[in-house]
Amino acid sequence: APCAASESNCFFQAEDAIRDRHDGNLCNPDEEMHANLCYETCSKLTGGTHPIRTTAFSCCVEEPCSFFNSVFSNPLNLCEGYDAAGPKEG
């Protein structure tokens with residue numbers, strides 16, 4: 001989140017953002033990228049049972065991912081299923 005120039009933690013927020021990008025993930029540390037968008041990690045959303053994101057609305061157990069080893073959220077309920085941002089982003 002942006003911070004006002006008067007806030008003393010602005011430097012640390014900017015420093016954290018730069019450091020976080022060195023791992024190749026442009027998303028917040030509690031998110032993963034899929035189709036150039038950031039989502040809360042499938043691992044966290046599924047309690048670790050389905051750690052691989054396959055779409056904005058689905059996560060799977062292991063590759064190759066299929067209907068039989070995946071879980072899905074309803075694409076009509078935006079930001080309520082697996083297509084949500086991580087807690088840090090809100």
Side-chain angles (χ1 to χ4, degrees):
C3 54
S6 62
E7 290 184 36
S8 61
N9 65 350
C10 281
F11 172 77
F12 298 108
Q13 288 178 359
E15 187 178 78
D16 287 347
I18 292 167
R19 184 176 56 246
D20 290 344
R21 302 312 185 256
H22 292 299
D23 65 0
N25 181 8
L26 299 178
C27 303
N28 283 322
D30 60 348
E31 297 176 324
E32 61 193 353
M33 184 174 281
H34 178 76
N36 293 323
L37 295 173
C38 298
Y39 299 95
E40 186 167 0
T41 64
C42 276
S43 184
K44 181 158 186 193
L45 288 167
T46 64
T49 61
H50 296 74
I52 302 169
R53 180 167 296 280
T54 52
T55 72
F57 307 100
S58 64
C59 305
C60 81
V61 175
E62 64 185 3
E63 293 182 335
C65 297
S66 71
F67 180 80
F68 301 104
N69 69 350
S70 298
V71 289
F72 304 88
S73 64
N74 187 338
L76 300 178
N77 296 333
L78 298 176
C79 300
E80 292 181 11
Y82 299 133
D83 64 320
K88 187 173 183 177
E89 190 63 34

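Everything quoted here is computed from the prediction, not taken from an experiment.
Identified under the ring-ring contact (aromatic ring centres under 6.0 Å, His included) test for residues 27-65, with sequence neighbours left out: none.
Residue F68 shares its hydrophobic cluster (ILVMFWY side chains chained together at separations under 4.5 Å) with F67, F72.
To the nearest 0.5 Å, atoms CG (L45) and CZ (R53) are separated by 6.5 Å. Between the OH atom in Y82 and the SG atom in C42 there is a gap of 7.5 Å [rounded to 0.5 Å]. Interatomic distance, CG of L26 versus CD of E32, reported as 13.5 Å (0.5 Å rounding).
With hydrogens and angles disregarded, a donor-acceptor distance shorter than 3.5 Å links the side chain of N74 to the backbone of L76.
Heavy-atom minimum distance, G86 versus E31: N-OE2, 2.9 Å. T46 and C59 make their closest contact through CG2-CB, 4.3 Å (heavy atoms, listed as atom of the first residue, atom of the second, distance).
In this view, N69 and C60, V61, E62, C65, S66 satisfy the side chain to side chain contact (heavy atoms under 4.5 Å, CB included) rule, not counting sequence neighbours.
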